[in-house]
Chemist: 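Okay, here's the structure, questions in a sec.
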Amino acid sequence: IYCYPQPYHIFGLALGYYLSIENSFELIFQNNKYSSSSHEKWHDLVKKSGINVLTLGTPTHFKDLYSYYSLNKETPPSSLTAIIGGASVSVDLWCMINKKLRITNPSIGYGCSEASPGVTHLSPGKKPEQNGNLGNTLPNVDLILSENNTTILGENICLAVIQNGAIIFPNGRFLIKDKLRKCDDGTFQFIRKNDLMLNRGGEKFSLEAIEDIILKRFSKSIVAVSLYDKRLGEDLGILVKGINENLGEIH
């Protein structure tokens with residue numbers, strides 16, 4: 001199992017980590033920062049053992065991998081399968097991974113840090129019928145859908161969440177502000193997020209927290225929004241009222 005460097009190592013792709021433990025598969029990852037060396041490492045592994053390789057990554061990782069081969073004008077070696085997670089997966093992206101990256105049986109994983117190893121999984125090699133298709137729930141997981149939220153029930157829910165100086169005990173029930181739809185074939189489809197979160201290449205940021213930081217640092221009221229980005233899926237946009245030459249550079 002090859003795992004691309006992740007912003008966080010507990011989310012939907014934890015399904016792959018579980019597989020490595022349960023089936024004694026070798027898990028290969030890098031401790032250093034994400035760069036083109038990540039693709040070089042993937043290439044060397046797949047060239048040697050492609051028929052047995054499962055790749056874990058976000059949509060951004062696979063888009064970058066395709067750019068890596070396009071830039072070097074190479075054809076990637078064929079590999080067995082992949083789990084794509086962390087952000088919504090389009091039909092076009094699935095087809096690109098299958099046809100151009102020559103990953104025979106791509107799959108899609110959906111989850112969150114509070115529900116690991118995951119919530120749903122679209123089976124390997126099954127082409128999604130529409131953008132955002134998430135497949136079926138994992139064993140021992142149930143979903144309750146409402147207009148603006150999804151409730152996850154089952155054994156995959158973490159025992160406790162410690163955050164901001166407080167601790168809560170979900171007791172097998174966790175609410176996420178994602179709108180999902182149940183399709184006629186029983187699979188689920190991601191529609192949209194209903195909280196003020198920016199999903200930048202699989203890493204999540206609170207837009208409200210960004211606004212608060214800028215207000216405290218620059219005494220400037222702004223509105224932070226998510227913008228479509230071809231590579232990352234979403235990137236940060238900031239609306240500023242008027243012009244302030246002293247605003248400076250924001251990092």
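Computed from a predicted model, the values in this text were never measured in an experiment. Both backbone and side-chain heavy atoms feed into the values below; hydrogens, waters and symmetry mates do not.
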Chemist: So which pairs with a foot in residues 226-240 pass side-chain hydrogen bond (donor to acceptor under 3.5 Å, both in side chains), sequence neighbours left out?
Modeler: Asp64-Arg231, Arg200-Asp235

Chemist: Verify, without hydrogens or angle tests, whether Ser24 (side chain) and Ser20 (backbone) share a donor-acceptor contact under 3.5 angstrom.
Modeler: no

Chemist: So, taking the atom named CD in Glu114 and the one named SG in Cys158, what distance separates them when rounded to the nearest 0.5 Å?
Modeler: 6.0 Å

Chemist: Quick one: which residue pairs count as a salt bridge (Lys or Arg N to Asp or Glu O under 4.0 Å) with a foot in residues 83-111, not counting sequence neighbours?
Modeler: none

Chemist: What's the separation between atom CD1 in Ile83 and atom CD1 in Ile1, rounded to the nearest 0.5 Å?
Modeler: 7.5 Å

Chemist: Work out which heavy atom in Lys127 is nearest to a heavy atom in Val91; give both atom names and the distance.
Modeler: CE-CG1, 3.7 Å

Chemist: Please report the closest heavy-atom contact between Val161 and Pro170, naming both atoms and the distance.
Modeler: CG2-CG, 4.3 Å

Chemist: Could you list the residues that satisfy side-chain hydrogen bond (donor to acceptor under 3.5 Å, both in side chains) with Ser123, not counting sequence neighbours?
Modeler: none

Chemist: Taking the side chain as every heavy atom from C-beta outward, state whether Asn131 and Leu93 have any atom pair closer than 4.5 Å.
Modeler: no

Chemist: Which pair of non-hydrogen atoms, one from Ser38 and one from Gln30, has the smallest distance, and what is that distance?
Modeler: OG-OE1, 2.8 Å

Chemist: Less than 4.5 Å apart, side chain to side chain, heavy atoms only: is that true for Lys126 and Thr187?
Modeler: yes

Chemist: Looking at Asn23 and Phe25, would you say the former's side chain and the latter's main chain have a donor-acceptor pair under 3.5 Å?
Modeler: no

Chemist: For residues Cys112 and Ile176, report the shortest heavy-atom separation together with the two atoms involved.
Modeler: SG-CG2, 4.2 Å

Chemist: Around atom CG of Leu159, are there more than 12 heavy atoms of other residues, nucleotides or ligands at under 6.0 Å?
Modeler: no

Chemist: Show which side-chain atoms of residues 69-76 pair as donor or acceptor with protein atoms under 3.5 Å away, not counting sequence neighbours.
Modeler:
unit_1 : atom_1 : unit_2 : atom_2 : d
Tyr69  : OH     : His43  : ND1    : 2.7
Ser70  : OG     : Tyr66  : O      : 2.9
Asn72  : ND2    : Tyr68  : O      : 2.7

Chemist: With the side chain counted from C-beta on, respond yes when Ile103 and Asn98 share a heavy-atom pair under 4.5 Å apart, and no when they do not.
Modeler: no

Chemist: Would you say His61 and Thr58 are linked by a side-chain donor-acceptor pair, where the criterion is simply a distance under 3.5 Å?
Modeler: yes

Chemist: So do the side chains of Leu56 and Tyr2 get within less than 4.5 Å of each other, counting heavy atoms only?
Modeler: no

Chemist: Is there a donor-acceptor pair closer than 3.5 Å between any side-chain N or O of Ser107 and the backbone N or O of Ala82?
Modeler: yes

Chemist: Hey, are the side chains of Asn136 and Phe188 touching, using non-hydrogen atoms and a 4.5 Å cut-off?
Modeler: no

Chemist: Going by the rule side-chain hydrogen bond (donor to acceptor under 3.5 Å, both in side chains), which residues pair with Thr150 if we only count those two or more places apart in sequence or in a different chain?
Modeler: none

Chemist: Output, in order, the C-alpha distance, side-chain angles, deciding distance and verdict of side-chain contact (heavy atoms from CB on, under 4.5 Å) for Leu207 and Val223.
Modeler: CA-CA 8 Å; Leu207 293 173; Val223 176; over 6 Å; no

Chemist: Go through the steps to decide whether Leu80 and Ile51 satisfy the test side-chain contact (heavy atoms from CB on, under 4.5 Å), and finish with yes or no.
Modeler: CA-CA 5 Å; Leu80 178 63; Ile51 196 171; 5.5 Å; no

Chemist: For the residue pair Leu153 and Ile144, establish whether any side-chain heavy-atom pair is separated by less than 4.5 Å.
Modeler: yes

Chemist: So, using side-chain hydrogen bond (donor to acceptor under 3.5 Å, both in side chains) as the criterion, who are the partners of Ser206 when residues are at least two apart?
Modeler: none

Chemist: Rounded to the nearest 0.5 Å, what separation is found between the CG atom of Leu134 and the OG1 atom of Thr120?
Modeler: 4.5 Å

Chemist: If you define the side chain from C-beta out and look only at heavy atoms, does anything of Ser116 sit under 4.5 Å from Asn156?
Modeler: no

Chemist: Going from CD on Glu26 to CG on Asn52, what distance comes out if it is rounded to the nearest 0.5 angstrom?
Modeler: 11.5 Å

Chemist: For the residue pair Pro124 and Thr81, what are the closest heavy atoms and their distance?
Modeler: CB-OG1, 3.9 Å

Chemist: For Ile167, what residues pass the side-chain contact (heavy atoms from CB on, under 4.5 Å) criterion, not counting sequence neighbours?
Modeler: Ala160, Ile162, Phe169

Chemist: Please list, chain by chain and in numerical order, all residues satisfying salt bridge (charged side-chain N to carboxylate O under 4.0 Å, His left out) with Asp212, sequence neighbours excluded.
Modeler: Lys216

Chemist: Find out whether Lys204 and Leu198 are in side-chain contact, i.e. whether some heavy atom of one side chain is under 4.5 Å from a heavy atom of the other.
Modeler: no

Chemist: To the nearest 0.5 Å, how far apart are OG1 in Thr55 and CH2 in Trp42?
Modeler: 5.5 Å

Chemist: If the condition is side-chain contact (heavy atoms from CB on, under 4.5 Å), which residues does Ala87 pass it with, not counting sequence neighbours?
Modeler: Pro59, Asn199

Chemist: Take atom CD in Glu129; do more than 12 heavy atoms of anything else shown fall under 6.0 Å from it?
Modeler: no

Chemist: How close do Val119 and Gly111 get, counting heavy atoms only, and between which atoms?
Modeler: CG2-CA, 3.8 Å

Chemist: Taking only residues at least two apart or on different chains, which pairs with a member in residues 157-184 satisfy side-chain hydrogen bond (donor to acceptor under 3.5 Å, both in side chains)?
Modeler: Tyr110-Asp178, Asp178-Lys193, Arg181-Gln189

Chemist: With sequence neighbours excluded, what pairs up with Asn140 under the side-chain contact (heavy atoms from CB on, under 4.5 Å) test?
Modeler: Glu155

Chemist: Taking side-chain hydrogen bond (donor to acceptor under 3.5 Å, both in side chains) as the test, write out the residues that go with Asn194, two or more places apart.
Modeler: Arg192

